[in-house]
Amino acid sequence: QPCSPQALRDRHPKHLHQHRQAETGHVRSMFAAQRCAPVQGRRNAQQHSSRHAHLIVRAAAPSTAKATSSASVSSSTTRLPATDVSFQTCCPICQSHTWNLTAFSSRATNLNCPRCNRTFQSGEAFTDLTLTSGLKQRAFNQKGWGGQELFRSPLVSFVYERGWRQGFAWAGFPGADKEFDIAMGFLRPAYGDQVVDMSCGSGLFTRRFARSGQFSGVIAADFSESMLQQTKAYLQEDGTTAAGSSAPVLLLRADVGRLPFATGSVAAIHAGAAIHCWPNPQAALAEISRVLKPGGVFVASTFLVAGAPLGKILGDDLVRPLNGLDSGLVGKQYKWWEEAELRDLCEMVGLEDFTCVRDWRFILFSATKPMLME
């Protein structure tokens with residue numbers, strides 16, 4: 001049986017590393033059929049993984065504006081208390097001055113960094129810890145990456161769970177509940193600690209993490225102000241924020257390229273369907289590696305290139321010329337990935353134990369911050 005989070009913390013780091021490898025192998029074997037099935041057998045592979053879904057802690061949450069049911073977790077799950085939890089953040093400039101924030105502050109209290117002589121806005125909707133927070137730019141206006149700027153639109157934020165995200169099925173995305181199940185298997189080493197849902201969008205996975213009973217707190221972080229507003233509306237509408245009903249949630253505006261967290265302070269970071277929108281993925285992965293604790297885990301899903309389905313059969317290297325078939329928004333607003341590129345990104349920032357689940361052009365992968373060796 002998997003060890004409890006407390007038992008893991010009490011063990012020697014070497015034993016924790018061995019346990020994490022065992023858990024990764026458990027998830028890898030569970031979805032072996034899905035990764036190895038040919039294109040024609042994709043549905044059979046999905047049915048195979050569904051028959052084994054009871055091996056992963058399941059939790060359900062609505063992907064529409066109204067919730068119709070509460071989270072469903074395994075009978076062995078113990079719900080964590082949602083009180084007396086604070087979230088440690090830091091100044092995004094010096095990354096040394098820290099603040100301990102609580103979930104859903106009832107009044108606006110701006111945050112001051114005396115070292116940088118900067119004040120950052122904190123309102124009832126969210127706390128803004130980006131470099132431009134609280135400033136009225138008179139002349140400088142950094143041009144944003146198209147994929148990032150698109151999701152700052154209130155219209156896109158409104159429709160994201162009202163059809164937009166469901167449309168990812170064309171690429172093999174398995175649906176929010178199934179994707180959540182797979183992610184939870186990879187996030188197992190962080191159970192009992194806090195998780196950052198980076199580029200949280202409208203809170204599709206934030207709500208599931210909060211109600212899973214496996215985390216002491218959830219930080220819903222996004223660069224888009226309108227997405228954070230939508231996340232708050234969904235959290236309040238479906239009752240996730242009700243006292244004692246879930247883990248506390250902090251809404252935070254943050255730039256993945258300059259994370260407002262202290263070095264080695266975060267147990268887990270999740271980024272669902274996001275990395276293809278990031279302006280500088282290499283800088284973002286370096287930041288993620290910086291803030292992860294030893295043994296911390298990064299879990300993300302994204303789109304693969306056009307040749308990926310055939311590449312799973314013949315080999316990605318052989319079909320690489322087909323990847324030029326992607327056109328339109330690709331290269332202008334999004335970047336589709338090869339599995340090898342994602343492996344390289346993780347390796348270059350010091351993350352190890354790269355593991356993934358692939359289906360058609362969908363990939364969900366995990367990588368881990370190495371343990372400090374004595």
Side-chain angles (χ1 to χ4, degrees), residues 21 23-53 55-56 147 165-188 205 270-278 281-282 285 297-331 334-348 351-368:
Q21 287 181 321
E23 292 292 354
T24 301
H26 172 70
V27 175
R28 184 186 291 112
S29 63
M30 190 184 313
F31 293 97
Q34 187 179 35
R35 293 197 304 273
C36 300
V39 175
Q40 303 96 302
R42 183 157 57 98
R43 290 187 178 178
N44 293 335
Q46 290 174 335
Q47 292 171 356
H48 173 85
S49 60
S50 297
R51 290 196 296 270
H52 292 78
L55 297 176
I56 296 180
R165 189 49 153 83
Q166 292 85 339
F168 291 2
W170 73 265
F173 276 69
D177 288 334
K178 183 62 178 177
E179 186 176 334
F180 170 75
D181 288 343
I182 303 172
M184 285 294 283
F186 288 127
L187 289 167
R188 195 182 298 271
F205 293 102
H270 169 266
I275 190 173
H276 51 273
C277 298
W278 292 350
Q282 185 176 9
L285 266 290
V297 61
F298 172 54
V299 178
S301 64
T302 188
F303 293 86
L304 292 172
V305 290
L310 190 59
K312 193 163 70 170
I313 302 172
L314 302 178
D316 289 332
D317 292 340
L318 184 63
V319 302
R320 185 165 288 122
L322 296 178
N323 297 336
L325 296 176
D326 281 322
S327 59
L329 293 177
V330 181
Y334 307 118
K335 172 177 171 51
W336 296 165
W337 296 92
E338 292 186 44
E339 178 185 327
E341 289 182 296
L342 297 171
R343 288 179 179 272
D344 288 347
L345 270 180
C346 292
E347 182 179 351
M348 71 177 61
L351 300 179
E352 61 183 21
D353 297 336
F354 182 96
T355 307
C356 70
V357 173
R358 283 175 60 170
D359 185 16
W360 200 246
R361 294 182 64 176
F362 162 79
I363 185 170
L364 190 149
F365 66 94
S366 169
T368 306

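Every value quoted in this text rests on a predicted model; they were computed, and no experiment measured them. Only this structure's heavy atoms are used, side chains among them; waters, hydrogens and symmetry mates stay out. The chain is numbered in sequence order, starting from 1.
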- Taking atom CZ of Arg361 and atom CH2 of Trp170, what is their separation to the nearest 0.5 Å? 4.0 Å
- Would a line drawn from the ring center of Phe303 to the ring center of Phe168 be shorter than 6.0 Å? yes
- Between Gly307 and Leu322 the two heavy atoms that sit nearest each other are CA-CB, 4.3 Å
- Any side-chain heavy-atom pair from Ile363 and Trp337 closer than 4.5 angstrom? no
- Side chains of Trp336 and Asn323: closer than 4.5 Å at any heavy-atom pair? no
- Message: Taking Ala273's backbone N and O only, do any of them form a donor-acceptor pair with Ser301's side chain (distance below 3.5 Å, no angle check)?
- Response: yes
- Item | Lys/Arg N to Asp/Glu carboxylate O, Asp181 vs Lys178, below 4.0 Å | no
- What distance separates Thr368 OG1 from Phe298 CZ, expressed to the nearest 0.5 Å? 11.5 Å
- Query: Does the side chain of Leu345 reach to within under 4.5 Å of the side chain of Pro281, using non-hydrogen atoms?
  - Reply: yes
- Would you please test Asp316 and Arg358 for salt bridge (Lys or Arg N to Asp or Glu O under 4.0 Å) and show each step? CA-CA 12 Å; Asp316 289 332; Arg358 283 175 60 170; 2.8 Å; yes
- Message: If I take atom CD1 from residue Ile182 and atom OG from residue Ser366, how far apart are they, to the nearest 0.5 angstrom?
- Response: 12.0 Å
- Query: Between Val297 and Asp353, does a side-chain contact (heavy atoms from CB on, under 4.5 Å) hold up when you go through it step by step?
  - Reply: CA-CA 10 Å; Val297 61; Asp353 297 336; over 6 Å; no
- Task: Please step through side-chain contact (heavy atoms from CB on, under 4.5 Å) for the pair His270 and Phe186, ending with a clear verdict.
- Result: CA-CA 10 Å; His270 169 266; Phe186 288 127; over 6 Å; no
- Item | Thr355 side, atom OG1; Leu364 side, atom CG - distance, nearest 0.5 Å | 11.0 Å
- Which heavy-atom pair separates Val305 from Glu338 by the least distance, and what is that distance? CG2-CG, 3.9 Å
- One should read off an interatomic distance between Ile275 CD1 and Tyr334 OH, to the nearest 0.5 angstrom, of 15.0 Å
- Message: Parallel, tilted or perpendicular: which one describes the rings of Phe354 and Phe365, with boundaries at 30° and 60°?
- Response: parallel
- Query: Say you draw a straight line from CG of Leu310 to NZ of Lys312; how long is it, rounded to the nearest 0.5 Å?
  - Reply: 11.5 Å
